[in-house]
Amino acid sequence: MRALNHKISRRILLIGCALAPCMTLRAAVAKTSPLADFLRLSAKLTGRANLSAESALIYMRSLKFDRSGKNSNRLARRIVADWYSGQTVESGRMICVDYTGALMWDAMRFARPGGAPGEAGSWALAPTSE
Amino acid sequence: MDLHADLLVIGSGVAGALVACRAAQEGAKVVILEAGPDVDRPAAVMRFQSAYPKTPESAYAQAAFAPHPESDKPYAFYAQKGPHPFGSTYLRQVGGTTWHWLGTAIRLVPADFEMRSRFGLGADWPIAYADLEPWYCRAEQELGVAGDNDDDLGSPRSAPYPIPPIAQSFLDRTWRDALQASNYNVRPTPQARLSTSSSDRPSCRGSASCIPICPIQAKYDATIHVARARSFGARLLTETCANFVECRQDGRVEAVRFTRSDGSTGRIFARVVVIAANAMETPRLLLASASEDFPAGVANRSDQLGRNLMDHPIQLSWALARQKVWPYRGPGATSGIENFRDLKDRAENSALRFEIGNDGWSWPKGAPESTARELALRGLRGQELDAALRAQTSRHIRIAALTEQLPLASNRVTLDRAQIEKTGLPRPAIFYQLDRYIERALANAKHRHEDMFAQIGVEAFWHKDDAQAAGHIMGTARMGADPATSVVDRELRAHAHRNLFIVGAAVFPTGGTANPTLTIAALALRAADAVLAALKE
């Protein structure tokens, strides 16, 4: 479950307006747009479908994604790092984009994002999903 | 705006809340001043989840009126005057710093009260462990401390813990089994965290975010006693900062001036005043209250106010275990090694308290995010990345050794009068340094950690080069029998000010190696008796 907060919403508004005035997020994804391309590439690199369009907008902007195809191996690694950690480097500073939706939790499987209650005493046993 | 009260409590953290609660319950008219705001718990959880870096303060909005120090910006709040920047932080909000404490509720050991007579170091407390022991029991009741009655951890007990122990983690038991044949005794940690649900609070469900916030209040925080105090009739004024304590020539505190976040000001007249504003804000307020009659500040004839600033400098070490231990689950720490806190050679070698972390490498490295980034930036992808991330993070262990910092008169809080906060208080200035006793302690801790890692079996290990701040701010208004060398007496009453008391860790003459909150609570409950007696004077 994602924690979509006001900070992210404001970013989406700004980025969305920069991309294509009056274009809704769904429309941006549906058409062949930079966002759609970025999501397709991200899905390929991470092996996950159903990636968050809101997060994609932020990663795409901070990574300066080039839809012409001249994206380097270095950029590919950065894309994976961002989706897995839920963080990106924006203007030289690390920021949190999506903590609860970061792919690392899905990869680890034995731990959940902090701040959400689980099962009492679960930490006393080895995880069942081995 | 003029207010009148029987008892004024400045600060709504654990110390102030306990005193306010007791006094209000006995029928006193109590006013609590809190410089900061109320905190909305769900909003704070969301703020933490969106934060980078995830510091202890990251769940709590910075306030323009009464800002708080931040761990990742050591030069922003404090004016750092010494060779070593002071790194411990606190919160200014209803409930105080218990919002983000870990919850460890451990006692000092008897020798901690007698450092000077036993080891020729620091100062003796004017009370013995035996004097405080019944109050430790009361504090454990009030905070709801879960503990294991099989081992008193070096602090003799006259009553059992009120709540059964929090389960040790799988990770703890790995440490314990590996160190079985050694002299490192791994024991469950007493903590103010419900292991069974109460009528109004749920038991711990392993949210694994204790620092900075428990989303369900299974971990104790002082809003519990603030609410209880208010239910007995205490009045809470939030975003209201005390900035001057007015004293008569004979030392009697007449009134306290305050400023509110809306810019309005006022005075509170109270028969008794208790300052419970933590070991940074307490000297800050009293030093700022200098007058013709009290040129060095209120309660500072000894020149000890603000001095003897102590923390527990921490040696943090981490390792990649050979076996899977499944960290990043459960409370931040559920076990520790307590049998190095009371050795015979403390004159040379500091006591050490070892805290075993369930939180993987989050503290030293910002993992698991940092691990995910490292592996991805190396070029791993897909199932290979998933497997590597799981294989690595499942073996993250860390240990933190709390060392004992001795009181040094030169380690002190003063005022930077060139910078005045919106509250009217000058910025705190800190001169702080670590001495050879600490340097030796940190080096000893590194050796101990390596010894333990070798017995557990690790692929690699690392040490932080610098001491870490513990968030345990102590010593700046110390207790003592002699008014020439101390700020408060054994009842926590300020020397020369009969109706002024100070509660909180500012009064500790030495810090031992116990996380301070339980001792803060015990002292506050004990002082409440003296406060009630003073109200009758």
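Below, chains carry the letters A, B, ... as their sequence lines are ordered, and counting in each starts from 1. Heavy-atom basis, side chains included; hydrogens, waters and symmetry copies ignored.
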For chain A, the option from B:P331, B:S370, B:A51 that forms the most heavy-atom pairs under 4.5 Å: B:P331

Which atom of B:G206 lies closest to which atom of B:C204, heavy atoms considered: N-SG, 3.4 Å

Side chain, backbone, both or neither of B:I216 within contact of chain A (heavy atoms, under 4.5 Å): side chain

Test log, rule side-chain contact (heavy atoms from CB on, under 4.5 Å), inputs A:S55 and A:W83: CA-CA 8 Å; A:S55 298; A:W83 283 107; 3.9 Å; yes

Any donor-acceptor N/O pair, B:S335 side chain to B:D172 backbone, under 3.5 Å: no

Ion pair B:R187/B:D148, N-O distance below 4.0 Å: no

Top contributor to chain B interface from A:S122, A:A116, A:G47, A:P113 [non-hydrogen pairs under 4.5 Å]: A:A116

Polar side-chain atom of A:K64 near backbone of A:R61 as donor-acceptor pair, under 3.5 Å: no

Ring centers of A:Y99, A:W105 separated by less than 6.0 Å: yes

Best-contacting candidate, B:Q168, B:K54, B:Q383, against chain A by heavy atom pairs under 4.5 angstrom: B:K54

Best-contacting candidate, B:P327, B:A391, B:P53, B:G382, against chain A by heavy atom pairs under 4.5 angstrom: B:P327

Region of A:D82 that comes under 4.5 Å of a non-hydrogen atom in chain B: both

Evaluation steps, side chain to side chain donor-acceptor pair (under 3.5 Å), between B:E57 and B:S71: CA-CA 8 Å; B:E57 308 79 45; B:S71 308; 2.8 Å; yes

Atom group of B:R173 that falls short of 4.5 Å from chain A, counting heavy atoms: side chain

Chain B contact via A:E119 - which portion, at a heavy-atom distance below 4.5 Å: backbone

Atom group of B:F48 that falls short of 4.5 Å from chain A, counting heavy atoms: side chain

Residue B:L380 versus chain A: region with a heavy atom under 4.5 Å: backbone

Under 4.5 Å from any heavy atom of chain B - which part of A:L125: backbone

No-hydrogen, no-angle side-chain donor-acceptor test under 3.5 Å, B:T334 and A:W123: no

Contact origin within A:R74 toward chain B - heavy atom pairs under 4.5 Å: neither

